[in-house]
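Working notes, structure below.
When reading the values below, keep in mind they use all heavy atoms of this one structure, side chains included, and skip hydrogens, waters and symmetry mates.
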Amino acid sequence: MTSRTARHKDDPPSADDDNAAATSVEKLFEAKPVPPWTKQITVRAILVSAVLSFAFTFIVMKLNLTTGIIPSLNVSAGLLGFFFVKTWTKVLSQSGFLKTPFTRQENTVIQTCVVAASGIAFSGGFGSYLFGMSSVIANQSPEGNTAADIKNPTLGWMIAFLFVVSFLGLFSVLPLRKIMIVDFKLTYPSGTATANLINGFHTPEGAELAKKQVSKLGKFFSFSFLWSFFQWFFTAGDDCGFVNFPTFGLRAYQNKFYFDFSATYVGVGMICPYIINVSLLIGGILSWAVMWPLIADKKGDWYDAKLKQSSLQGLQGYKVFIAIAMILGDGLYNFVKVLGRTLSGLYKQFYKKDSVVDPTDDSSHGHPPSTSYDEKRRTELFLKDQIPIWFSIVGYVTIAVISTITLPFIFHQLKWYYIIVIYIIAPALAFCNAYGCGLTDWSLASTYGKLAIFCIGAWAGSNGGGVLAGLAACGVMMNIVSTASDLMQDFKTGYMTLASPRSMFVSQVVGTAMGCIISPCVFWLFYKAFGSLGSPDSQYPAPYALVYRNMAILGVDGFSALPRYCLTLCCVFFVGAIVINLIRDLVGNKYSRFIPVPMAMAIPFYIGSYFAIDMCLGSLILFIWEKVNKENAEAFGSAVASGLICGDGIWTLPSSILALAGVQPPICMKFLSRATNAKVDTFLG
């Protein structure tokens with residue numbers, strides 16, 4: 001699950017108005033020449049992008065393998081890109097070697113490249129469909145664990161797979177950039193917010209604020225890194241360390257209610273909307289405090305009392321499948337809603353030129369009149385560097401042919417005709433996702449991936465390795481629609497910072513190529529360093545890997561895999577997710593912020609509430625900060641949160657290296673009840 005937290009700011013008013021002219025963004029940069037697109041992509045931009053991509057991939061990978069909740073890191077990428085290159089240019093300037101000034105276009109290239117590279121850590125499925133193919137995850141399910149449905153990760157095939165599927169989405173929507181950005185004037189709130197951020201950095205006032213933000217980020221990065229380093233010393237064995245501190249008592253700890261001292265999720269909680277964090281906590285209370293204890297009392301009646309704790313025929317099955325039902329209900333509702341808005345918007349664009357979304361009526365979008373100086377300037381430069389349509393078509397067809405030939409060698413269960421069908425319908429779905437993302441700022445890439453799981457899995461069947469075929473098809477579809485919406489977000493950012501579409505496309509391609517190498521290598525480091533990776537009780541449970549695999553099993557085997565009464569409960573929660581979403585939309589923004597989000601509620605059903613407590617603490621810190629000093633909180637909240645996330649995330653690299661080198665922590669800090677402690681003392685004494 002990805003969280004969109006960027007706030008949309010309207011473009012400046014018309015330059016025809018004397019008062020508005022003073023606030024025109026492009027008027028501020030009028031004296032600065034816009035470099036040609038070849039000068040926007042510099043060696044230093046690529047080098048800085050590579051360093052930041054490596055760091056951000058570690059952060060996203062850790063989030064992916066712990067809870068699957070990944071906040072938007074666009075602000076952090078833009079801020080750190082600005083800081084690194086500004087430092088670079090300052091040093092060179094003092095030594096007399098500086099020849100090329102740092103422009104906002106180059107800043108945009110860095111941000112685009114970093115987000116594209118780190119995005120592969122999500123769309124590559126290392127915490128979902130790809131890891132779900134492994135024997136580690138397959139052994140947690142009684143069904144679908146035959147040799148034909150298992151493929152353990154290796155570095156070679158993961159890199160090859162990503163290279164043949166990750167670029168198609170870029171070519172699928174490339175010809176539509178003018179329609180989406182200029183004609184339809186889609187908002188793309190995250191892209192707009194990132195552009196406003198970068199534009200602000202390159203004004204004198206914005207540069208000064210950016211320095212202060214980087215200073216805050218650095219301080220909390222150092223604190224988070226050192227705190228993680230300190231915690232490491234106390235984790236010499238299983239269930240050791242601060243991460244297992246029974247904050248609310250041992251009984252609550254057994255039911256996954258405790259604060260685990262994670263700086264990462266405190267930071268994530270500061271970025272995510274309040275309602276998301278509260279929804280996670282509500283979901284944890286509903287499941288671990290109410291439902292699972294009640295179902296556990298039915299042991300021997302609803303399910304065999306002799307089953308292993310990890311068996312999906314027992315309590316674990318209720319946890320996983322009810323969570324899947326809520327995720328599918330939420331996903332289906334949002335899919336239908338966004339698709340409906342997409343079709344409605346297109347209908348009005350093409351057949352109702354006088355409607356509220358008429359592309360010539362900018363007021364209907366909250367945009368300035370088309371005569372504004374900013375819009376004329378941006379449109380002129382956006383249309384200047386054209387990318388031929390034939391280039392997009394040839395690129396898509398060429399990669400599709402290579403992919404169709406290559407993928408059956410990687411996954412022999414994924415037949416060539418399955419791939420062709422996916423590639424025929426993928427451009428339409430990529431367009432829908434990119435258009436819907438422009439309206440709502442919400443990418444439904446994982447929903448389209450789940451659709452592929454069920455369709456291809458059912459088509460292949462259990463005898464044809466349907467589980468693995470469905471998971472592989474999910475990967476193909478997810479990568480196409482995810483990169484398509486990301487590219488349009490970047491085009492919107494480039495449009496508002498006067499970055500050329502060509503430099504945006506090239507930086508997206510370079511970032512994607514980096515991600516196809518960096519992400520598998522980082523995952524491989526996790527995979528080798530942490531032997532319990534994917535185990536439900538481990539530090540990195542990868543919850544979505546089991547969820548995706550069981551979706552594939554459902555697609556192939558139907559409902560026979562479910563324990564007693566589980567289907568009934570799944571139907572209740574599936575319908576409940578749809579109803580809650582419907583109520584949220586009907587009551588409007590004023591009251592919907594008090595109604596929980598079903599997708600967020602579903603996540604703790606399987607892994608527990610400990611991270612939700614961390615995130616709610618982050619929300620509480622931000623809430624109090626805003627009450628005490630709202631201006632200060634708005635200026636530095638994201639920087640503090642990013643520092644907490646980055647410091648803890650980067651510590652994963654040295655901790656992985658230590659684990660690979662066989663260096664173990666010296667102390668095990670474990671918490672026992674009085675009775676257990678007495679037994680231990682007696683045994684030792």
Holding to side chain to side chain donor-acceptor pair (under 3.5 Å), I want the full list of residues that pass it with [X], two or more places apart in sequence or in another chain.
X: Thr483; answer: none
X: Tyr129; answer: Asn479
X: Ser500; answer: Asp385
X: Glu30; answer: Tyr373

Using only atom types and a distance under 3.5 Å, with no angle test, would you say the side chain of [X] pairs donor to acceptor with the backbone of [Y]?
X: Lys492; Y: Gly438; result: no
X: Lys216; Y: Gly643; result: no
X: Ser166; Y: Phe163; result: no
X: Thr112; Y: Met504; result: no
X: Ser519; Y: Ala121; result: yes
X: Ser172; Y: Gly169; result: yes
X: Tyr188; Y: Ala434; result: yes

Tell me every residue that passes side chain to side chain contact (heavy atoms under 4.5 Å, CB included) with Val421, counting only those two or more places apart in sequence or in another chain.
Trp459
Taking side chain to side chain contact (heavy atoms under 4.5 Å, CB included) as the test, write out the residues that go with Ile424, two or more places apart.
Ile420
With a 4.5 Å heavy-atom cut-off, do [X] and [Y] have their side chains touching?
X: Val165; Y: Leu407; value: yes
X: Leu176; Y: Tyr435; value: no
X: Phe431; Y: Met180; value: yes
X: Ile405; Y: Val401; value: yes
X: Arg377; Y: Leu498; value: yes
X: Met270; Y: Leu644; value: yes
X: Ile46; Y: Met514; value: yes
X: Val182; Y: Arg378; value: no

Does the ring center of [X] lie less than 6.0 Å from the ring center of [Y]?
X: Phe411; Y: Phe161; result: yes
X: Phe491; Y: Tyr495; result: no
X: Phe126; Y: Phe526; result: no

Nearest non-hydrogen partners of [X] and [Y], listed with the distance:
X: Leu170; Y: Leu487; result: O-CD2, 3.4 Å
X: Phe122; Y: Asn64; result: CA-ND2, 3.6 Å
X: Cys516; Y: Leu162; result: SG-O, 3.6 Å
X: Ala116; Y: Gln508; result: CB-NE2, 3.7 Å
X: Phe221; Y: Gly647; result: CD1-N, 3.3 Å
X: Val481; Y: Asn433; result: O-ND2, 2.9 Å

Separation between [atom1] of [X] and [atom2] of [Y], rounded to the nearest 0.5 Å:
X: Phe29; Y: Asp374; atom1: CZ; atom2: CG; answer: 10.5 Å
X: Thr379; Y: Lys384; atom1: OG1; atom2: NZ; answer: 14.5 Å
X: Ser507; Y: Gln111; atom1: OG; atom2: CD; answer: 9.0 Å
X: Thr497; Y: Ile198; atom1: OG1; atom2: CD1; answer: 6.0 Å
X: Cys474; Y: Leu471; atom1: SG; atom2: CG; answer: 7.0 Å
X: Ile650; Y: Ile59; atom1: CD1; atom2: CD1; answer: 4.5 Å

Derivation of the side chain to side chain contact (heavy atoms under 4.5 Å, CB included) call for Met477 and Ile425
CA-CA 10 Å; Met477 184 65 77; Ile425 64 174; 4.2 Å; yes
Test: salt bridge (Lys or Arg N to Asp or Glu O under 4.0 Å). Region: residues 103-132. Which pairs qualify, not counting sequence neighbours?
Glu26-Arg104, Arg44-Glu106
Here the salt bridge (Lys or Arg N to Asp or Glu O under 4.0 Å) pairs for residues 164-181, sequence neighbours left out, are Lys178-Asp183
Please, which pairs that meet side chain to side chain donor-acceptor pair (under 3.5 Å) have at least one residue in [range], sequence neighbours excluded?
range: residues 418-431; value: Ser403-Tyr423
range: residues 45-58; value: none
range: residues 644-654; value: Lys62-Asp648, Ser228-Asp648, Thr264-Asp648

Classify the ring geometry between Phe523 and Tyr527 as parallel (under 30°), tilted (30 to 60°) or perpendicular (over 60°).
parallel
Phe220, CZ: over 12 other non-hydrogen atoms inside 6.0 angstrom
no
Please evaluate residues Val60 and Val522 with respect to the criterion side chain to side chain contact (heavy atoms under 4.5 Å, CB included), reporting the C-alpha separation (whole Å), side-chain torsions for both, the decisive distance (0.1 Å), and the verdict.
CA-CA 10 Å; Val60 173; Val522 170; over 6 Å; no
Pair Tyr448-Cys432, side chain to side chain contact (heavy atoms under 4.5 Å, CB included): steps then yes or no:
CA-CA 10 Å; Tyr448 290 107; Cys432 290; 3.6 Å; yes
Would Phe391 and Gln386 count as a side chain to side chain contact (heavy atoms under 4.5 Å, CB included) here? Give the steps.
CA-CA 11 Å; Phe391 176 78; Gln386 291 294 319; over 6 Å; no
Please tell me whether Thr194 and Thr493 have a donor and an acceptor in their side chains that are separated by less than 3.5 angstrom.
no
Sequence neighbours left out, what passes ring pair (Phe, Tyr, Trp, His ring centres under 6.0 Å) with Tyr396? Give chain and number order.
none
